[in-house]
Amino acid sequence: MSIRPLKPQLQAIANKELNEPNCVTPDIEALKDWISKQPHLRSCTDDQFLLAFLRGTKFSLERAKEKFDRFYTLQASIPEVFNERRLVNDALVLEIVRSGILLKIPQAEDDAGPCVSIIRVGAYDTSTYKFQDIIRVGSMFGEIMMFEDDNATVTGYVEIMDMKGITGNHLFALQPELLRKFATYADEAMPTRQKGIHFINVPQAFETGFNTLRSFFPAKIKNRITVSSDPAAIYDIVPLAQLPLEYGGTNGIIQDISSVMETKLASYEKYFEAAQHFGANEKYRDFSYAQSKGSIFGAVGSFRKLEID
């Protein structure tokens with residue numbers, strides 16, 4: 001079993017906040033054994049991938065099973081995101097990565113805080129891309145985080161929605177319903193710990209309207225959303241030294257970040273090719289097994305006609 005050791009400061013947090021045991025092997029093997037007995041699931045069973053689900057549920061095996069099932073089941077309810085274009089060599093995916101619309105901000109080696117992603121909502125051409133295309137690429141990097149980013153699985157992640165340069169077309173393209181669906185998926189199915197969604201550089205004329213976006217999100221997520229028209233609001237979220245030059249920082253330029261992200265994405269070619277065949281097939285779900293497992297799996301039958309309410 002190949003599990004990447006945590007940095008000491010992250011290990012201390014994992015032990016204290018996530019109930020992480022000194023040896024995670026038995027938990028991973030137990031989760032893997034359960035997956036092998038689920039006829040409806042076709043999934044990734046990489047050890048590091050499974051460990052993310054255990055950390056995301058504070059090492060409750062039953063909750064990890066539930067979240068793992070939801071990870072694949074809820075994807076079917078957002079087909080505009082989880083479709084055949086989630087491939088590293090897809091032309092649209094590569095264009096979005098190279099354009100710097102999505103930025104995974106590098107962190108210092110000794111930084112044990114949440115990782116940070118920036119979505120430059122006003123930086124894309126709405127006649128070329130749909131907002132769902134941006135979310136699709138973001139979902140791919142979200143899965144890469146599960147494999148590679150220990151900060152994301154231990155201390156969580158923060159999303160910054162940069163509204164600089166937005167137009168009426170961008171606002172129309174935002175698709176609040178898609179945002180709500182994906183936020184629900186991120187909260188209920190992704191094992192990484194979502195710590196906040198921050199809208200920055202919101203034009204003052206739209207600030208009130210953006211605050212109403214909270215109504216589209218689940219209650220738990222509403223409290224993690226902030227909206228600001230102040231360009232300096234980003235400095236309350238991310239240390240200046242971590243930001244690229246375009247944001248007033250000293251950590252390279254946006255193109256540097258995009259190039260690193262493209263290289264990283266390319267290294268996951270086989271995973272995303274395999275992921276095209278992953279999912280939950282409701283025809284083969286063992287409902288008798290689910291009902292025998294009590295409260296957590298007793299309601300899994302509702303997945304037969306799943307919708308995010």
Side-chain angles (χ1 to χ4, degrees), residues 70-88 90-105 115-146 149 152 156-167 169-192 194-200 202 210 213-214 216-218 221-222 224-225 227 257-258 261-262 264-265 268 271-272 275-276 278-279 306-308:
R70 285 180 178 175
F71 179 82
Y72 288 107
T73 305
L74 290 180
Q75 288 183 3
S77 68
I78 321 177
E80 62 267 54
V81 170
F82 297 98
N83 57 34
E84 70 282 353
R85 302 210 68 164
R86 277 191 6 127
L87 293 169
V88 306
D90 181 86
L92 193 63
V93 168
L94 289 172
E95 285 177 18
I96 290 171
V97 174
R98 290 167 181 167
S99 68
I101 296 169
L102 295 165
L103 301 173
K104 171 70 168 59
I105 301 302
C115 67
V116 178
S117 295
I118 298 176
I119 301 178
R120 300 168 63 227
V121 180
Y124 75 96
D125 183 349
T126 56
S127 66
T128 303
Y129 313 122
K130 296 180 179 179
F131 190 60
Q132 65 201 45
D133 299 324
I134 312 301
I135 297 296
R136 184 183 308 115
V137 178
S139 77
M140 296 173 76
F141 281 98
E143 285 173 42
I144 292 174
M145 281 199 309
M146 291 164 56
D149 198 316
Y157 69 97
V158 169
E159 290 179 309
I160 297 174
M161 307 284 284
D162 185 357
M163 298 293 133
K164 183 178 180 180
I166 62 166
T167 64
N169 287 337
H170 288 109
L171 291 176
F172 183 75
L174 259 184
Q175 297 176 261
E177 180 63 14
L178 174 58
L179 273 175
R180 182 184 71 87
K181 278 186 174 184
F182 196 78
T184 300
Y185 165 77
D187 182 53
E188 294 188 2
M190 288 287 288
T192 42
Q194 189 181 63
K195 293 294 187 177
I197 302 173
H198 304 283
F199 291 86
I200 66 168
V202 176
F210 269 93
L213 278 174
R214 288 191 178 91
F216 288 92
F217 292 93
I221 298 175
K222 285 180 188 178
R224 301 175 188 161
I225 298 173
V227 177
I257 296 174
S258 298
M261 290 176 66
E262 182 178 350
K264 179 59 65 180
L265 185 65
Y268 277 82
Y271 167 75
F272 285 108
Q276 292 283 304
F278 293 159
L306 181 69
E307 292 181 4
I308 302 177

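Note that the coordinates shown come from a computational prediction; the quantities given were computed from them, not determined experimentally.
Every salt bridge (charged side-chain N to carboxylate O under 4.0 Å, His left out) that Glu262 has, sequence neighbours left out, goes to Arg98.
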- Audit row: Val88, Val93, side-chain contact (heavy atoms from CB on, under 4.5 Å) steps and yes/no: CA-CA 7 Å; Val88 306; Val93 168; 6.0 Å; no
- Does the pair Gln75 and Phe278 meet the rule for a side-chain contact (heavy atoms from CB on, under 4.5 Å), with working shown? CA-CA 10 Å; Gln75 288 183 3; Phe278 293 159; over 6 Å; no
- Message: If you apply the rule side-chain contact (heavy atoms from CB on, under 4.5 Å), what do you find for Val121 with Phe199, and how did you get there?
- Response: CA-CA 10 Å; Val121 180; Phe199 291 86; over 6 Å; no
- Message: Please determine whether salt bridge (Lys or Arg N to Asp or Glu O under 4.0 Å) holds for the pair Arg136 and Asp133, giving the CA-CA distance in whole Å, both sets of side-chain angles, and the decisive distance to 0.1 Å.
- Response: CA-CA 5 Å; Arg136 184 183 308 115; Asp133 299 324; 2.9 Å; yes
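A donor-acceptor contact under 3.5 angstrom links the side chains of Tyr271 and Glu143, judged on distance only.
Note that the CE atom of Met190 and the OH atom of Tyr157 stand 6.0 Å from one another [nearest 0.5 Å]. Atom CG of Leu103 sits about 6.0 Å away from atom CZ of Arg120, to the nearest 0.5 Å. Here Thr126 contributes atom OG1 and Ile166 contributes atom CD1; the two are 12.0 Å apart, rounded to the nearest 0.5 Å. Note that OH of Tyr124 is 9.5 Å distant from CG of Asn169, once rounded to the nearest 0.5 Å. With values rounded to the nearest 0.5 angstrom, Ile101 atom CD1 is found 12.0 Å from Asp162 atom CG. Once rounded to the nearest 0.5 Å, the distance linking CD of Glu80 with NZ of Lys130 reads 9.5 Å.
For the pair Lys104/Cys115, a side-chain contact is recorded, criterion being any heavy-atom separation below 4.5 Å from C-beta on. Contact check for Ile118 versus Ile200: no side-chain heavy atoms found under the 4.5 Å cut-off.
Nearest heavy atoms, Leu265 versus Phe141: CB-CZ, 4.0 Å. Across all non-hydrogen atoms, the minimal contact from Ile197 to Met161 is CG2-CG, 4.0 Å. For the residue pair Gln194 and Glu159, the shortest heavy atom distance occurs at NE2-OE1, 3.6 Å. Heavy-atom minimum distance, Glu188 versus Arg70: O-CD, 3.7 Å. The two residues Ser258 and Gly100 have their closest heavy-atom pair at OG-CA, 3.4 Å. Among all heavy-atom pairs drawn from Asp187 and Arg224, the shortest one is OD1-NH1, 3.8 Å.
Ring centroid separation for the pair Tyr185 and Phe82 comes in under the 6.0 Å cut-off.
Formation of a donor-acceptor pair under 3.5 Å by the His170 side chain with backbone atoms of Ala123 is not found in this model. Remark: side-chain polar atoms of Asp90 are not paired, donor with acceptor, to backbone N or O of Arg86 under 3.5 angstrom.
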